[in-house]
Asks: 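Below: one structure in structure tokens.
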Amino acid sequence: MPAPRVRFAPSPTGYLHIGGARTALFNWLFARRTGGTFILRIEDTDRVRSTESSLQAILDGMRWMGLDWDEGPAVTTADGTVIGGGPHAPYFQMQRLGTYERHADALIEGGRAYRCVCTKAELDVLREQAKAEKRGFKYPGTCRDRGIAKGTPGAVVRFRMPAEGATVLHDLVKGEIVTQHSELQDEVIVRADGVPLYNFGAVVDDVEMGITLVARGDDHVVNTPRQMLMYQALNYPVPVFAHLPMILGADKQRLSKRHGAVSVLQYRDDGYLPGALLNYLVRLGWSHGDEEIFTLEDLKSKFDWEHVGATAGVFNPEKLLWLNQEWIKRTPVAELSALVRSLRDLGPAEQLDGFILLMKERAKTLLDFADAYTRLIAPLQVEYDAKSVAKNLTAESKPMLAEARALLATRFDDGTPALDAAFRDFAAQKGLGLGKVLQPLRVATTGSTVSPPLFELLALVGKERTLARLDAALEKIA
RNA sequence: GGCCCUAUCGUCUAGUGGCCUAGGACGGAGGCCUCUCACGCCUCAAACAUGGGUUCGAAUCCCGUUAGGGUCACCA
């Protein structure tokens with residue numbers, strides 16, 4: 001059995017969204033699992049909606065997620081290596097028009113397709129009529145046997161669908177789906193200007209590129225029998241199909257912009273780790289017993305089609321956020337630090353690594369690190385939260401804080417454990433619980449009642465700043 | 001509307017005829033730990049859409065109903 005060849009074939013008409021990313025992921029996983037080839041093909045035949053910026057967004061999104069392609073558009077990565085290219089270049093459909101023409105001509109030659117000069121306007125009238133009479137519309141076959149010659153102005157190419165029989169699809173996730181040929185109609189496969197339509201372009205390229213398995217969204221199931229007929233007409237073995245269920249919003253409607261972030265790159269900008277997003281996406285519709293956390297490396301050996309579910313899944317941002325936190329906990333500080341710096345300009349931020357270590361179990365996104373650093377470490381003077389101040393920086397606590405300042409001033413450089421011990425003694429002497437001492441101190445030095453462990457945090461802030469903040473707080477109480 | 005797909009806790013799912021008084025995870029509630037927060041740990045609430053079959057036995061197989069979704073282009 002030849003090595004599998006699979007493809008992800010987006011059209012550059014928008015950003016790479018969550019659904020597309022999952023389709024790409026499952027294809028990539030299958031290729032990596034089986035030692036097959038993962039091909040990226042750009043289906044840019046919708047010239048009105050295709051844009052260069054969409055293409056860039058798709059390429060960037062793929063690379064951010066770490067889904068590298070073995071064949072496809074050539075891209076030079078940051079370290080100078082080139083990914084993509086390949087024996088079937090170009091991987092852009094608009095650059096492959098000659099190929100579609102050749103196959104269309106062969107189909108016409110063999111009687112499997114024909115040229116047609118019916119105009120869209122004429123057909124639309126019939127379509128309207130049918131609709132008014134509540135009938136289904138099918139192309140009446142006006143040009144079917146007219147033998148219209150190549151080069152006839154305005155002639156499109158239609159595929160001749162068989163009138164009888166049925167096509168059976170054995171889908172890897174949906175099971176057996178039977179389609180009666182009577183449901184099909186002679187559809188246009190090539191426009192008058194030589195640009196192919198989706199069903200034909202995809203099939204021709206799959207044939208040319210030797211695709212063995214097609215995994216795509218299940219909104220394509222109805223296209224599949226028609227495409228199967230075309231593979232057969234082209235004398236190519238029909239690939240195996242796997243139709244992945246849709247991803248829905250909380251309202252069970254297909255995921256779209258109004259459900260919030262659906263662009264993969266938006267998640268990058270919002271401080272998500274690519275591994276976490278991928279982890280979430282793979283678990284949405286696939287399972288491996290009770291396991292929840294998967295790396296791409298795990299998946300290379302664990303992914304299978306058997307456990308891909310057949311039901312549409314609701315996108316759950318909360319679970320993604322939880323996974324992101326889990327991934328952050330598992331990512332080395334140095335890596336997190338570099339990512340945070342790539343997201344936000346924090347200046348020299350000498351204490352960033354130490355701060356990330358402190359915050360690692362507290363951050364849900366990378367932006368949490370940046371925001372907290374900007375609030376807790378960077379400024380000379382902190383912003384005071386009114387409620388926290390009202391409760392903790394009282395005239396009553398002022399004398400205690402003044403003493404605490406003195407203690408801090410003398411013992412600061414002894415290190416965190418010593419400081420901690422000193423304050424425990426201090427609290428005990430005063431007959432106070434540790435919290436009664438540390439909460440006012442926390443508010444005085446950080447501005448709020450919530451922070452990472454205080455002495456470890458203040459060690460990063462530094463003695464001078466800590467005391468300055470404390471002095472400012474003391475003054476505030478006056 | 002025609003054709004097609006789907007149906008287990010709010011959500012993602014385990015389950016492939018007996019292991020199911022249905023398991024895990026997110027989220028929720030309560031508790032423990034604790035200088036606050038977070039982490040961690042413990043406990044709780046929460047589901048087989050519905051009606052018929054088949055079978056000694058059904059969440060699992062079949063049919064109907066209902067509900068969701070997909071698709072009916074010279075878009076992809």
Asks: Name all residues meeting the side-chain contact (heavy atoms from CB on, under 4.5 Å) criterion together with A:Ala166; count only those two or more places apart in sequence or in a different chain, and write none if there are none.
Replies: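 Residues passing side-chain contact (heavy atoms from CB on, under 4.5 Å) with A:Ala166: A:Val178, A:Gln180.
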Asks: Any protein N or O atoms within reach of nucleotides 27-32 of chain B? Criterion: under 3.5 Å, listing atom names and distances.
Replies:
none

Asks: Of all of residues 193-208 of chain A, which get a heavy atom below 4.0 angstrom from RNA chain B, listed by number?
Replies: A:Leu197, A:Tyr198
Asks: Give the residues of residues 161-182 of chain A touching RNA chain B, defined as any heavy atom closer than 4.0 Å, sorted by residue number.
Replies: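 Residues of residues 161-182 of chain A under 4.0 Å from RNA chain B: A:Lys174, A:Ile177.
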Asks: Using a heavy-atom distance cut-off of less than 4.0 Å, which residues of residues 6-14 of chain A contact RNA chain B?
Replies: A:Ser11
Asks: Sequence neighbours excluded, which residues qualify as ring pair (Phe, Tyr, Trp, His ring centres under 6.0 Å) partners of A:Phe241?
Replies: A:His243
Asks: Can you name the side-chain hydrogen bond (donor to acceptor under 3.5 Å, both in side chains) partners of A:Asn324, sequence neighbours left out?
Replies: none
Asks: Near RNA chain B, counting only heavy atoms under 4.0 Å, which residues of residues 242-259 of chain A show up?
Replies: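 Hits under 4.0 Å, by residue number: A:Lys252, A:Gln253, A:Arg254.
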Asks: Could you name each residue pair satisfying side chain to side chain donor-acceptor pair (under 3.5 Å) that touches residues 445-461 of chain A, not counting sequence neighbours?
Replies: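 Sorted result for residues 445-461 of chain A: A:Arg442-A:Ser451.
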Asks: Taking atom NZ as the centre, does A:Lys387 end up with more than 12 heavy-atom neighbours from other residues, nucleotides or ligands that are less than 6.0 angstrom away?
Replies: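 Counting other residues, nucleotides and ligands, NZ of A:Lys387 stays at 12 neighbours or fewer.
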Asks: Apply ring pair (Phe, Tyr, Trp, His ring centres under 6.0 Å) to A:His103 and list each qualifying residue two or more places apart in sequence or on a separate chain.
Replies: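 Not a single residue meets the ring pair (Phe, Tyr, Trp, His ring centres under 6.0 Å) criterion with A:His103.
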Asks: In residues 438-450 of chain A, what residues come within less than 4.0 Å of RNA chain B, judged by heavy atoms?
Replies: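 Going residue by residue through residues 438-450 of chain A, the ones with a heavy atom under 4.0 Å of RNA chain B turn out to be A:Leu438, A:Gln439, A:Arg442, A:Thr449, A:Val450.
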Asks: Quick one: salt bridge (charged side-chain N to carboxylate O under 4.0 Å, His left out) pairs with a partner in residues 214-231 of chain A, sequence neighbours left out?
Replies: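 Pairs touching residues 214-231 of chain A that pass the test: A:Lys174-A:Asp218, A:Glu187-A:Arg226, A:Asp219-A:Arg254.
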